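Quick notes on the structure that follows.
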2 protein chains.
Amino acid sequence: MPPWQKTANFVDSAQTFDYWTRCEDSVIEKEFQRGKMILMVNKQPAVHSDSFIYNPTTSKYQMQSAPRLRLFDCQEIRQVLSPYGLEIGTLNSALLDYYHDDVVDIDLRALFGTNIMLNEPPKESGISGQTQLEQLARELGVRFMPTRQAMLTMDDAAQRELLAKCIIITRWYRLFLHCPQCAQLLRMRASKASATCTHCQQDFYPNISPVAITLLRDESNEHTLLVRHKRSAGQVYTCIAGFCSPGERLDQTVRREVAEEVGIECWDVRPLDGSQTWPLPAGSLMVPFVATADMGDEIQASISELEYAKWFSRQEVTEALRRSEEDPLLIKLYRHLSESGKDPETRIQLRYIPPQGAIAHHIIKNWILREF
Amino acid sequence: MPPWQKTANFVDSAQTFDYWTRCEDSVIEKEFQRGKMILMVNKQPAVHSDSFIYNPTTSKYQMQSAPRLRLFDCQEIRQVLSPYGLEIGTLNSALLDYYHDDVVDIDLRALFGTNIMLNEPPKESGISGQTQLEQLARELGVRFMPTRQAMLTMDDAAQRELLAKCIIITRWYRLFLHCPQCAQLLRMRASKASATCTHCQQDFYPNISPVAITLLRDESNEHTLLVRHKRSAGQVYTCIAGFCSPGERLDQTVRREVAEEVGIECWDVRPLDGSQTWPLPAGSLMVPFVATADMGDEIQASISELEYAKWFSRQEVTEALRRSEEDPLLIKLYRHLSESGKDPETRIQLRYIPPQGAIAHHIIKNWILREF
């Protein structure tokens with residue numbers, strides 16, 4: 001029996017998906033006919049509209065529950081987008097995962113993702129790109145929302161992983177058009193699992209970069225050093241993170257990044273459970289660690305990346321965790337931000353840790369819960 | 001005080017190195033004048049010759065102790081290679097690390113690596129490429145040895161990491177000549193820490209791909225499932241490993257790879273201490289895990305990758321570990337291989353685990369030592 005006809009269980013599903021990533025394009029074409037799809041338009045994912053409520057006073061949609069990705073039939077998307085002059089097919093979508101209903105013995109289906117740009121309406125039409133996007137959203141019964149906000153507010157980890165994969169692979173297949181060595185055209189597989197140079201035959205794959213993310217604590221385990229990135233929202237503090245260099249062990253990455261970012265040495269670097277793909281800026285695998293440092297050492301925060309770095313007590317961090325958990329949709333945070341964003345003294349107060357969509361949230365929470 | 005004038009300690013060194021990766025090319029040019037270098041010629045690293053002994057009977061050099069990379073002054077290399085028509089400079093070398101003697105207060109020096117190809121001697125000279133390489137080796141007081149053999153037999157972890165970094169970055173700067181999106185030329189930094197498209201201004205970085213490597217054990221913790229790769233030496237068994245996909249957590253990589261490679265489900269996936277960069281085939285970060293599976297499940301080894309997969313007892317693995325530790329230079333293994341390599345029945349016996357240069361060696365050894 002060919003693997004794609006097997007019934008759905010974990011091993012069979014994994015082997016079928018593995019087969020799809022390397023099969024002939026015609027197999028993917030066939031799977032696309034009956035497949036499912038998540039949709040991104042103008043770099044924004046389509047989520048169920050019932051997570052939003054229209055506020056007539058502000059004329060804006062406001063999130064009222066955690067957003068969930070809308071799953072379409074590929075054929076359905078194809079038909080709806082056709083009047084917009086957009087042809088959706090395997091050329092501009094990527095195989096992301098497999099999908100099966102909870103009904104026993106149903107065939108496995110391929111799950112695709114796409115990330116397309118709407119053509120700007122002609123000026124003389126008087127319709128803006130935003131209006132057109134909202135019209136499409138209404139037709140599909142969805143809302144389109146900014147990627148970062150979606151990643152941070154979705155409460156279903158599997159959906160976040162799917163969206164991350166969609167963002168990373170659709171970006172990759174738009175980026176990798178030419179062989180970086182000989183500049184000739186690449187031939188992209190229909191699955192988008194790899195591309196091959198039509199001239200020199202080298203293979204290329206979508207890529208993620210390992211990042212070590214570290215909860216730094218003092219020897220008493222009663223304090224943690226958190227940092228504020230220049231580009232992050234006011235009053236949000238997080239863990240130190242940095243890319244792993246070639247040749248480096250991850251524990252060396254931790255020690256180097258702590259030295260680079262806050263100018264102190266750390267030791268007793270240990271891995272924590274869990275890891276996470278983060279799609280921004282270009283696809284990272286976040287691997288969590290805990291390490292120990294001396295609260296007496298002078299902190300020298302890297303001026304290129306950080307606004308501030310400081311040791312906080314368990315009580316201070318517990319408060320910030322509580323505020324973050326009470327505001328999973330980031331409504332208070334964003335409101336707060338617009339009020340406090342200007343004043344430097346206010347900005348550097350610790351009021352929030354990253355929301356639940358970020359692995360830093362769970363690392364900090366597990367420290368508060370004394371899991372390590 | 002500018003950072004590159006500071007004395008050498010961990011934090012200052014890390015910050016100086018960080019500065020070097022993003023500084024003006026002229027700073028790197030200056031550091032190159034007084035820098036150190038490791039050398040690869042025709043893809044083979046230069047190691048101290050005293051690890052080898054000449055055997056007049058076979059007319060071959062034989063390894064007699066673990067190889068160590070030879071560290072040169074950049075200027076020294078430049079002079080020796082000039083008569084071979086090779087110009088060594090920052091154009092064809094990469095910044096790898098910093099270096100300082102154990103003398104207190106000495107200035108930090110930049111450590112470079114290069115990987116150059118000797119021009120084939122003209123046919124009428126009657127000199128082969130190999131002869132020319134050996135002549136160069138004698139002049140430099142080194143031996144050139146195959147990369148894989150060097151990585152597996154070197155007993156100094158820091159040197160293995162340096163060699164891995166040299167291989168990965170020198171391969172990268174030869175590969176990334178054109179922007180994969182617009183096909184225009186990239187401008188490579190002198191440090192080789194990044195390259196920028198001269199047309200569309202996108203930045204590119206040398207990359208490593210995260211790989212999960214897993215010791216699979218049964219519930220009693222008395223047996224482990226090891227695999228033989230088709231391309232690996234006869235009678236060598238190792239752990240299951242596979243690339244992390246975008247969107248995936250590393251524990252999901254473990255479960256998926258075990259399902260794909262041996263057709264069984266595993267659970268209780270936990271991270272282990274340590275990680276390792278492996279330069280072949282194209283730069284991986286090996287992240288170690290332990291997971292549990294059921295010895296009663298039927299093994300279906302992936303026919304595309306594996307020759308065999310089997311559960312072994314602690315006693316069998318202890319024997320294989322002992323043989324591997326008694327043969328760190330792989331002399332018996334290679335001899336054995338040539339004798340037993342043909343017979344399929346002999347090939348699939350467990351006699352060795354990977355040598356100490358591979359992280360799999362340490363994962364398996366730590367399991368034998370009941371570290372987890």
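The sequence lines fix the lettering, A, B, ..., with proteins before strands; numbering per chain opens at 1. Nothing here was measured: the structure is a model prediction, and the numbers come from that model.
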Quick one: what part of [X] sits under 4.5 Å from any heavy atom of chain B, side chain, backbone, both or neither?
| X | result |
| --- | --- |
| A:F204 | side chain |
| A:E257 | neither |
| A:I264 | backbone |
| A:I168 | side chain |
| A:L285 | side chain |
| A:I359 | neither |
| A:V287 | side chain |
| A:C182 | backbone |
| A:R255 | both |

Practice task
Using a cut-off of under 4.5 Å on heavy-atom pairs, state which of B:A183, B:A14, B:A164 scores highest against chain A.
Solution key: B:A183

Completion exercise
From the list B:G263, B:A157, B:A282, the residue making the most non-hydrogen contacts under 4.5 Å with chain A is B:G263

Completion exercise
Value for CG (A:L250) from CD (B:Q276), rounded to nearest 0.5 Å, stands at 11.5 Å

Practice task
Drop me the distance from B:Q15's CD to A:R256's CZ, to the nearest 0.5 angstrom.
Solution key: 12.0 Å

Do other residues, nucleotides or ligands put more than 12 heavy atoms under 6.0 Å from [X] [atom1]?
| X | atom1 | answer |
| --- | --- | --- |
| A:K43 | NZ | no |
| B:R174 | CZ | yes |
| B:E24 | CD | no |

Problem - Atom group of B:L272 that falls short of 4.5 Å from chain A, counting heavy atoms - result: backbone

Completion exercise
In short, A:L177 meets B:Q181 closest at the heavy-atom pair CD1-O, 3.8 Å

Exercise for the section: Determine whether the side chains of B:D251 and A:S275 contain a donor N or O and an acceptor N or O closer than 3.5 Å. Expected result: no

Problem - Any donor-acceptor N or O pair under 3.5 Å, side chains B:E161, A:Q252 - result: yes

Problem - Within-4.5 Å side-chain heavy-atom neighbours: A:P271 and B:D273 - result: yes

Problem - Heavy-atom pairs under 4.5 Å with chain B, option from A:S245, A:A259, A:C179, A:P180 with the top count - result: A:P180

Exercise for the section: Please check if the side chain of A:E265 supplies one atom and the backbone of B:V11 the other of a donor-acceptor pair under 3.5 Å. Expected result: no

Practice task
Check whether any side-chain N or O of A:T277 sits under 3.5 Å from a backbone N or O of B:E248 as a donor-acceptor pair, and report yes or no.
Solution key: yes

